[in-house]
Amino acid sequence: MIQRWSATLIPTTREAPTDAESPSHILLSRAGYIRKLGSGIYDYLPLAWRTLQKVGRIVREEMDAAGGSELCLPVLLPIELYAGTRRDVDYGDLLFKVIDRKDATCALGPTHEEPITELVKGSVTSYTQLPLNLYQLQTKFRDEARPRSGLLRCREFIMKDAYSFHMNVEGPGGLNDTYDAMYRAYTNIFTRCGLNFTAVEAESGPIGGSASHEFMVNADSGEDTILKCPVSGYAANVEKCEIGKRGHDLNAAPTGELTEVHTPNLPGIDEVGKFMKVKPDRMLKSIVFSVSGGRWLVAVVRGDHDVNEGKVKIAVRAMLGDGSVTVALADEKAAREAGFAIGYVSPRTVNSVPSTLLLIDPDAAQGGFWASGSDKKDHHVKHFNWRRDVGNVLDDEAKVRVCDVRNALAGDPSPRAEGAKLETGRGIEVGHIFKLGTKYSEAMGLAILDKDQQKRAVIMGCYGIGVSRTMAASVEQNHDADGIIWPAAIAPYHALVVLMKPEEAKQQDAAKRVAAELSELGYDVLIDDRSERPGVKFKDADLIGLPLRITIGDKALEQGGVEFKVRRDGAASKVEVVAFEALATKAQGVLGAAW
RNA sequence: CGGGGUGUAGCGCAGCUUGGUUAGCGCGUUUGACUGGGGGUCAAAAGGUCGGCGGUUCGAAUCCGCCCACCCCGACCA
């Protein structure tokens with residue numbers, strides 16, 4: 001298709017709005033793709049909409065190829081729909097709500113587990129109709145506490161959400177089949193979009209195992225940290241990432257006498273450390289959790305490490321041999337009443353507070369000098385020693401375990417390859433696939449008779465792609481100082497034909513000829529026919545980032561051709577004159593076959 | 001929700017401390033001329049509820065109060 005710049009709306013600007021900070025926000029704004037209408041609310045202008053359509057087309061093709069069926073559910077959802085799942089409460093303020101004229105509350109859909117479950121409940125009546133994979137592309141709403149980074153975190157955004165329904169997890173037609181198909185579809189989608197991405201293991205679903213993956217676009221500006229093992233290829237997000245084997249030693253000799261230090265009004269590890277002249281990596285951080293059944297748990301990590309709640313939960317369940325125990329950060333007041341000096345807790349509380357379990361991260365379960373809380377407000381201790389100060393309870397496996405309970409960091413041993421070290425990178429989450437299990441079907445009463453005439457809750461999976469976020473993530477990953485650099489597959493147009501003198505018939509004819517030829521090959525062409533100075537047009541060309549720029553000017557025309565420039569080569573790269581006859585081949589070499 | 005900050009032309013900003021003609025500047029826009037291969041030059045012009053409401057004052061963009069919007073850091077984030 002062919003479009004003229006003068007006939008569409010591409011309001012480029014020299015400067016970005018002050019509130020734009022991330023590269024995608026700045027460039028998409030400056031290049032005339034998006035405009036902000038309110039906090040976390042953006043207009044998609046023609047260029048952006050074309051890119052979104054292209055991403056959407058790839059998504060649809062791959063979803064259809066993987067057995068999905070597109071449908072479209074309402075955005076406006078009666079709040080009563082959430083009666084079974086209580087997500088109106090769990091989602092909290094994140095759920096956008098509107099009130100109608102009858103004073104009834106509706107939610108603007110943040111995702112669609114409830115309506116899709118409701119739909120299937122009323123329309124699928126036999127196991128023979130399963131499996132089913134239904135998806136939609138639509139605008140979603142979330143009342144984010146703090147929208148930021150332009151399209152990367154908005155209150156209104158475009159998402160592809162898919163839901164699958166099964167009678168079984170394993171075997172043909174089971175959840176695992178579809179999950180794997182979705183994993184492959186997502187890999188195809190992001191590959192076709194021209195993105196450099198990593199699929200990482202994410203927080204496990206209720207079914208366990210590696211039941212969830214996030215697809216992360218690798219970009220330094222990403223909000224999420226991901227960890228990778230360069231040897232085995234293992235990759236996971238911080239919440240999920242396992243750490244390889246680490247040694248520990250609870251029997252080392254003390255470094256000195258246990259000494260109490262008065263540390264008044266010091267809020268954090270860093271401040272206490274500075275005051276005591278102890279580095280955070282020689283301090284013990286003891287975090288108190290409450291465990292169902294009226295028990296307590298103290299998790300100890302090094303001062304420079306962060307406790308991982310998910311790992312704590314898994315460890316406690318293993319320790320108690322009970323998969324149903326719940327673990328939560330302790331309520332401060334209740335913990336104080338139980339005898340924990342919150343802010344000054346030490347591992348010794350395993351002895352002093354009844355029904356207390358102790359989990360020690362290997363890096364904290366070492367000899368040498370340690371500073372710790374003293375279990376007394378405004379006081380810490382120096383020369384803490386595990387064996388001397390905690391005692392033989394350390395050997396009681398029912399009460400004390402040494403195990404991984406912290407977030408992984410760069411340099412930690414890989415869990416999958418001996419001797420390899422984990423590396424970190426930043427990423428932008430653009431896709432998430434998840435094994436839901438029966439959470440929604442049970443809550444909403446979606447059950448079907450199976451072959452054996454047993455009524456069973458339907459097993460579900462859900463699979464999301466942030467479509468508008470994918471566009472922004474691509475810009476985060478593909479840009480330079482002059483502007484956007486689109487991968488050909490999602491560029492709003494493949495080529496920009498720039499006329500040096502748009503009023504000259506000779507150049508007009510050449511532009512028409514070039515555009516028609518490229519269009520016939522299946523490429524989308526934008527003709528810059530504005531009577532602007534060349535400098536302005538070149539700057540705008542770099543800014544909007546179409547993969548190929550073809551300049552029609554006297555210089556090249558005299559040589560019987562046009563100027564050919566690839567955006568990815570950078571603004572300052574040399575242009576090349578290409579004869580008319582050679583243009584098609586040359587363009588295909590750069591852009592690849594169109595669809 | 002806690003902390004910090006900002007609202008003045010389409011965009012970016014100055015003016016506010018110390019109230020006083022007609023509220024400025026750069027970019028952009030319009031018209032004309034010269035120009036013509038990386039945001040050109042000259043000339044002229046259009047464009048403002050100074051976020052809103054109220055108060056103080058002879059007089060408010062400027063001082064005071066309330067409200068609203070927006071941004072940043074943190075908390076939060078299927």
Side-chain angles (χ1 to χ4, degrees), chain A residues 9 11-22 25-26 29-30 32 35-41 85 87 90-95 109-114 140-150 152-155 157 159 161-163 202-206 211-214 223-224 237-239 267-268 329 428-436 439-440 460-466 469 481-483 498-504 507 528 530-543 549 551-558 562-563 565 570-575 577:
Chain A
L9 179 65
T12 58
T13 59
R14 199 191 288 250
E15 286 175 287
T18 10
D19 56 34
E21 294 194 337
S22 63
H25 192 187
I26 292 171
S29 300
R30 283 192 54 212
R35 281 287 168 97
K36 189 172 79 173
L37 191 60
S39 180
I41 309 170
T85 61
R87 273 217 304 176
D90 293 347
Y91 239 87
D93 291 334
L94 206 55
L95 195 65
T111 64
H112 281 66
E113 282 83 1
E114 285 85 358
K140 296 282 192 266
F141 295 85
R142 285 184 203 174
D143 197 357
E144 289 286 347
R146 188 149 87 79
R148 70 192 96 150
S149 304
L152 289 174
R153 179 162 236 90
C154 331
R155 300 200 294 170
F157 56 97
M159 179 171 169
D161 50 325
Y163 308 89
E203 197 72 0
S204 286
S212 177
H213 284 87
E214 288 171 348
E223 281 187 352
D224 301 304
N237 67 16
V238 178
E239 287 73 36
L329 212 55
I428 301 164
E429 182 189 349
V430 290
H432 197 164
I433 57 178
F434 206 84
K435 293 182 186 174
L436 280 177
K439 178 177 172 186
Y440 292 92
M460 295 170 60
C462 69
Y463 319 92
I465 288 179
R469 185 185 270 188
D482 297 295
V498 183
L499 280 82
M500 286 292 91
K501 297 177 181 169
E503 62 289 337
E504 281 192 5
Q507 295 201 5
D528 188 351
R530 297 173 298 166
S531 24
E532 285 288 350
R533 299 182 64 80
V536 173
K537 295 178 153 193
F538 292 145
K539 284 286 183 191
D540 277 349
D542 292 336
L543 193 55
R549 188 186 86 195
T551 308
I552 313 248
D554 295 335
K555 287 181 187 170
L557 283 181
E558 279 163 21
V562 294
E563 284 170 30
K565 188 167 166 316
S573 75
K574 277 191 133 181
V575 294
V577 175

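No hydrogens, no waters, no symmetry mates; every other heavy atom, side chains included, goes into these values. The structure presented is a predicted model; accordingly, all values stated were derived computationally and were not measured. Numbered from 1 within each chain, the chains take letters A, B, ... in sequence-line order.
Toward the 5' end of RNA chain B, the nearer of the two residues P534(A) and L94(A), judged by each one's closest nucleotide, is P534(A).
rA9(B): no Watson-Crick or G-U partner with both key distances under 3.5 Å is found in any strand. Across all strands shown, rG65(B) forms a Watson-Crick or G-U wobble pair, both distances under 3.5 Å, with rC53(B). In a base pair of the Watson-Crick type (N1 to N3 plus N6-O4 or O6-N4) or a G-U wobble (N1-O2 and O6-N3), with each distance short of 3.5 Å, rG19(B) is matched with no nucleotide. Under the Watson-Crick or G-U wobble criterion, with both distances below 3.5 Å, rG74(B) is paired with rC1(B). Taking a pair to require two hydrogen-bonding distances under 3.5 Å in either a Watson-Crick or a G-U wobble arrangement, rU29(B) pairs with rA45(B).
One interatomic measurement links the two molecules: CD of E144(A) to P of rC72(B), which rounds to 13 Å at whole-angstrom precision. In this entry the distance linking CG of D93(A) with P of rC76(B) reads 15 Å, nearest Å.
At a cut-off of 3.5 angstrom, the base of rG2(B) holds no donor-acceptor pair with the side chain of R146(A). The base of rG28(B) does not come close enough to the side chain of R30(A) for any donor and acceptor atom to sit less than 3.5 Å apart. Residue side chain R533(A) reaches the base of rG40(B) through a donor-acceptor N/O pair under 3.5 Å, judged by distance alone.
Within 4.0 Å (heavy atoms only), K140(A) reaches no atom of the nucleic acid at all. Across all strands shown, A541(A) has no heavy atoms under 4.0 Å from either base or sugar-phosphate atoms. Across all strands, E113(A) comes closer than 4.0 Å to no nucleic acid atom at all (heavy-atom distances).
Proximity of P17(A) to K36(A): side-chain heavy atoms (C-beta onward) are nowhere separated by under 4.5 Å. The shortest distance between side-chain heavy atoms of L95(A) and R87(A) does not fall below 4.5 Å.
Within the 4.0 Å cut-off from OP1 or OP2 of rG36(B), not a single side-chain nitrogen or oxygen of K537(A) is found. Between rC11(B) and T13(A), no contact under 4.0 Å exists linking OP1 or OP2 to a side-chain N or O.
When distances run from any side-chain atom of R148(A) to the nucleotides rC76(B), rC71(B), rG28(B), the shortest one goes to rC76(B). In the set rC70(B), rG12(B), rG38(B), the nucleotide with an atom closest to the side chain of E15(A) is rG12(B).
Remark: the backbone N or O of R14(A) is paired with a side-chain donor or acceptor of R30(A) at under 3.5 angstrom. Under the 3.5 Å distance criterion, the side-chain polar atoms of K537(A) are left unmatched by any main-chain donor or acceptor of M500(A). A donor-acceptor pair is defined here as one N or O able to donate and one able to accept, closer than 3.5 Å; no such pair exists between the side chain of T551(A) and the backbone of V562(A).
On the C1' atoms, rC16(B) is 11 Å away from rC50(B), given to the nearest whole Å. For the P atoms, the distance linking rG52(B) with rC68(B) amounts to 15 Å, nearest Å. The same atom, P, is picked in rG74(B) and in rC13(B); the two are 22 Å apart, to the nearest Å. With C1' as the reference atom, rG51(B) and rA61(B) are 12 Å apart, rounded to whole Å. Comparing the same atom, C1', in rA45(B) and in rG28(B) gives a spacing of 14 Å after rounding to whole Å.
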